[in-house]
Structure formats: structure tokens, C-alpha cells
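What follows is one structure encoded as C-alpha cells, with my remarks underneath.
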Amino acid sequence: MKAKVTAHSRYMIADIDKRIYGSFLEHLGRAVYTGIYEPGHPMADESGMRRDVIELVHELDTPICRYPGGNFVSAYNWEDGIGPKEERPTRLDLAWRTSESNQVGIHEFADWAAKANTEMMLALNLGSRGLDQARAFVEYVNHPGGSYWSDLRKKNGRADPWDVRVWCLGNEMDGPWQIGHKSALEYGRLANETAKALRAFDRNLELIICGSSNADMPSYPQWEATVLEQTYEQVDFISLHMYFENYEKNTAEYLALPEKLDRYIGTVSGVIDYVKAKSRSKREVKISFDEWNVWYHERKNDFERMAEWNWPHAPALLEDIYTFEDVLQVGCILNTFIRRSDVVRIACIAQLVNVIAPIMTAPGSGAWRQTIFYPFKFASTMGRGTALRLDVESPSYAADVAADVAYLDIAGIHDADAGTLTFFAVNRCGDQSMTVALALERFGTARSAEHILMQHDDLEARNTAQGPNTVVPRHGNGVKVVDGGLELELPAYSYSVVRVQL
Ligand code: AHR
């Protein structure tokens, strides 16, 4: 199979906001307890944080991390997680039917985020609570001192404010499963009033309103129109979420789903433009795609187990073990964000540790990289710069979500400072390799090119505690520098990174 791609130095999409490689940690299952935090573990530091996990987070280089939920946040009292640990209450977490010990709260998470080199992105509870507790929390976190909440933070051991810039106004408020679920109008009004109060404190905060929980919600996309109409002048982002499933075990259909993601982003981008025009506004609202990942391997099973159990603390939950097939999917998802980087300025893989996550841990034992760790790491560390508007000619196939799914899924980035071009390419064809003629126009001479390849004969291959290196990247030999460009040889069902030094 043959494909042709042209990259031109003047055809650009946008400077990528590195926050599209963000992540997410929720008080859910073992994400926090025995994930990032495990006092007594041989690798725990003086605060009980696992150093082996922090090292893996460094490797991912995720610039921002959303916390503390997710569905959890919609019945969370942030004050339960401050002050002496022995005095913190155990609460029932209604979202996941578990017990929350509150041994990790904002102070512990902030310390961990500093060690992990990631900025905090905090979510506010607009489900069971509202404006007043939201403003108190922001004051606690961001005010230097001389007020009730900021002085309480100092008393609790943190003198300087953390100066968190990015705040989520609730989580998935369109979802009937959400504690404190609201109609679009109810939520839009509450979010607007909360945003006004937060802006009265600091007009430069970056505020995110909830869009739809997924593109199949019955209220989508009217939800987006209504909440944006209520909030447009007060907010900076609208959040979207999407999880990818392959219950039918149909790889072609599964790998076509990023076309649906692309359309979802395009539609919401259109709704933003519509509300902007309607309200005669000059404001730019962007998309925060703050939950995305593959989530189906353990999903049904988990919901059945949850219904039966008796409020356990930090049980194994949503511990999907990812496959090689999921590498291809995560590669295509990240490519979609790069190609939509003009409008998607934040995106968070959901989640980071143990819960539908690239990093896994065993309590009292080791930590390892899931298969999807690698495409995320490569995009996060090598996918920074300016996204290129590539011209792609590829054979395609028909799927349920789109009539024309290109077998070649590719994104390109130019880093002018480093003098590099980077391409992430997925061959979505399972029975043929693909030869790609990649023309490079007006970038200067390509001096060398490196090829990193992920390919496995078994789409179901996984990394586990016992076999953590079953699916790993290797150096490929499928890239040749030819006159005026590159020739790529992409094996059937493969993920490639091509880095060109100019
Ligand atoms: O990431 C798991 C859950 O998925 C989150 O708590 C929720 O926001 C979404 O439905």
C-alpha cells in the first residue's frame, strides 16, 4: 500500500500548547492510595510519596495534572483533606461507593505535583456544593495571607500560596450519574456566578466550564450552546470527555473512532464560534479535552463489583490492562489533538496511575509502564513545537463512524529552535505494510532521521507486573532520507515516531 504526504514550512496549524499532554489523578480506586501515595513502601519518600512512580511521571513529562476528580469531586469537601492527618474524617465517596480517608488532600497533592514537575489543575465541587465553598477553596490555595482561609493554609504548614491558574467549574454536570447533576440552564447560571466570584478575586484565572461528558449524550450539543450562552464572557475553556471502547473486538471500527473525536472537536468548535458571534464577543474560548483514554477492558466488570461491595478504601477499580491495539488507538487520539491544536489547548489523559492509566503499581512492590505509556511519552516529549498542516493522500476504508477512514493516521510538528521535524504515524491497516513518500518543502536539508517503532504480532499483547516489557518501542529501520524528503516503510498495524534533524 502506498501513501503520499507533503509537509510545507508555511502550512501551519498552531503553536502547540504543551498542556495538551496533561494528565488526571482522581481519588478513585488505587490512583492516590497505593498509587502515588504509599507510606511504608520501600520507595516512599519522607511524605509517603512513591519515588518510583514520580520517576515514571518524570519520564512522561506531563505538564499539568487535573485533581481531585472526576465524579469524586461532585460530593467532595476539600476541607476534609487539610489539617492534622489524624483528625481528618473518613467519608463515604458516593461516586465510587468507597471510603475516603482524606490522608491525601490539597497540601499533599501540591507537594507531589511539585516533585512530579507538573502544574496543578484543580476541580471545584459544583455538584453537592456551590459558589461559596468554591471561592473559599480558591482563597485557601491562592491568597498570600491576611484572610481567614489563607491564614488557615499558613497554620496548616504552607506559607506561600500555590498560585494555581487553571480551575474546572465542576465535572460532567450534564451526566445524570453526577452527584448534583443539573440542567444546562441551571449549571450555566451557577458556573457563571461562580466564575464571576472567582474573577472578583483574580481576573486572570483560567476557568473551564463543563461541556458534554461524551458526544452520545442526549443533550449534546445543545448543552454546549446553552452553557456557553450563560458564561461566555467569564470563561476560557469548555471541557469535553471521550472514552474509547472495543467491546465488539473489531479493530477496524475501533481504530476509526478518532474520526468521531475529530468531528466532536469540530462541532464544539463551531458551537463556540456560534455563541461568540451571537454575543458579539471578542473573547476566545478554547477546548480543554480533560478526560480521554481507552476504557472498556474492565468497565462492566467493575460496575458489577461496585454495586456489591461494602465501601472499601482504595480497592482495585478501573484497572484496565492495555494491549498493543490500544497503543495504535492512543497514537491516533494524540495525533487528533495535535491536528486540532488550534482549538484544543488543554487535554488530560484519564488517568495517570492505576486507574485507566499508563502507570501501574503493585502495593508494596514495583511500578511498571503499560503499553499506552509509550505513545503518550513520545507525544509529550517530542510533540512540542508548531503543528503542521500536512497534505495526506492515503488509501482509506469505510467504518460506522466515517465513510472514509485513511489507513495512514499522521501528525507532524516543526520545532524551529531545535531544528527538528517530528512525525507520529499509525498504519491502521492490518494486512499490508505501507510505503509513504513524505515530501519536505522549504525546511532546508534533512540531515538525518531516526525511527522509533512499536509493532507486535499479537494485538492483545499486554505489559504486566510479571512481564513488563512485552510491548516496548524499538529502533526501526523503516526511514530513509531521499532527495527532497523521506521514504517511510510502516509495517501493518504499527505505530512510528520519525524524528528528522534539519
Ligand atoms: O475517569 C473516570 C470517570 O470518568 C471520571 O470520574 C468521570 O468524570 C468520567 O465519567
Side-chain angles (χ1 to χ4, degrees), residues 22-33 35-36 62 64-76 92-98 100 109 121-128 166-182 187 191 208-220 223 227 237-245 261 264 287-303 305-307 314-322 326 330 333 346-360 370 372 376:
S23 57
F24 174 34
L25 262 179
E26 177 168 1
H27 281 249
L28 195 181
R30 300 192 309 109
V32 172
Y33 306 107
I36 62 166
T62 178
I64 193 163
C65 185
R66 183 169 176 252
Y67 173 87
N71 294 341
F72 170 79
V73 81
S74 294
Y76 177 54
L92 299 185
D93 165 24
L94 301 176
W96 303 104
R97 290 180 51 80
T98 55
E100 171 55 52
F109 177 66
M121 164 173 173
L122 296 179
L124 297 163
N125 174 356
L126 292 191
S128 68
V166 185
W167 294 85
C168 306
L169 302 172
N171 175 69
E172 293 188 349
M173 299 307 299
D174 62 325
W177 59 86
Q178 204 67 214
I179 305 292
H181 160 63
K182 293 173 177 52
Y187 169 67
I208 305 175
I209 43 159
C210 300
S212 293
S213 302
N214 60 68
D216 296 323
M217 294 298 292
S219 52
Y220 165 79
W223 173 277
V227 298
F237 294 91
I238 182 159
S239 95
L240 299 183
H241 296 173
M242 181 169 174
Y243 289 101
F244 296 73
E245 300 162 355
L261 168 68
Y264 187 19
I287 290 173
S288 169
F289 217 107
D290 46 41
E291 283 186 34
W292 67 267
N293 204 349
V294 174
W295 178 16
Y296 77 97
H297 294 285
E298 294 297 327
R299 195 170 185 159
K300 289 183 177 158
N301 202 1
D302 280 336
F303 280 99
R305 287 195 304 127
M306 255 173 70
L317 187 57
L318 275 59
E319 296 198 4
D320 279 26
I321 303 301
Y322 291 114
D326 300 327
V330 166
I333 296 167
I346 296 179
C348 303
I349 188 170
Q351 300 191 6
L352 186 58
V353 183
N354 287 336
V355 170
I356 39 174
I359 299 170
M360 290 300 293
Q370 291 239 47
I372 62 165
F376 186 86

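Read the numbers this way: they start at 1 and go in the same order the structure lists the ligands and their atoms. The residues of the chain are indexed from 1 along the displayed sequence. What you see is a predicted model; the values in this text were computed from it and never measured.
Looking at ligand 1, you won't find any N or O of Trp177 less than 3.5 Å from one of its N or O atoms. In terms of N/O distances under 3.5 Å, ligand 1 is approached by Glu26. Ligand 1 has no N or O atom lying under 3.5 Å from any N or O atom of Trp295, backbone or side chain. Residue contacts with ligand 1: Tyr243 is placed with a nitrogen or oxygen under 3.5 Å of a nitrogen or oxygen of the ligand (distance criterion only).
Glu319 and Asn354 form no side-chain donor-acceptor contact under 3.5 Å, judged by distance and modelled atom types alone.
No donor-acceptor pair closer than 3.5 Å links the side chain of Tyr76 to the backbone N or O of Gly69. Side chain of Gln370 to backbone of Asp320: a donor-acceptor contact under 3.5 angstrom is found. In this structure, the side chain of Asp302 engages the main chain of Leu318 through a donor-acceptor pair within 3.5 Å.
Every atom of ligand 1 is numbered from 1 in the order shown, and the set under 4.0 Å from a heavy atom of Glu172 is 7 (C), 8 (O), 9 (C), 10 (O). Residue contact check: Asn71 has heavy atoms under 4.0 Å from atoms 5 (C), 6 (O), 7 (C), 8 (O), 10 (O) of ligand 1.
No part of Val355 comes within 4.0 Å of ligand 1, judged by heavy-atom distances. Contacts between Trp96 and ligand 1, counted as non-hydrogen atom pairs separated by less than 4.0 Å, involve the side chain only.
Considering Asp290, Asn293, Asp174 in turn, Asp290 is the only one that fulfils the side-chain hydrogen bond (donor to acceptor under 3.5 Å, both in side chains) rule with His241.
Here the straight-line distance linking atom CG of Leu124 with atom SG of Cys168 works out to 7.5 Å at 0.5 Å rounding.
Minimum interatomic distance between Tyr243 and Ala350 (heavy atoms only, all atoms of both residues): OH-CB, 3.2 Å.
The nearest heavy-atom contact from the protein to atom 4 (O) of ligand 1 is Glu291 OE1, 3.2 Å.
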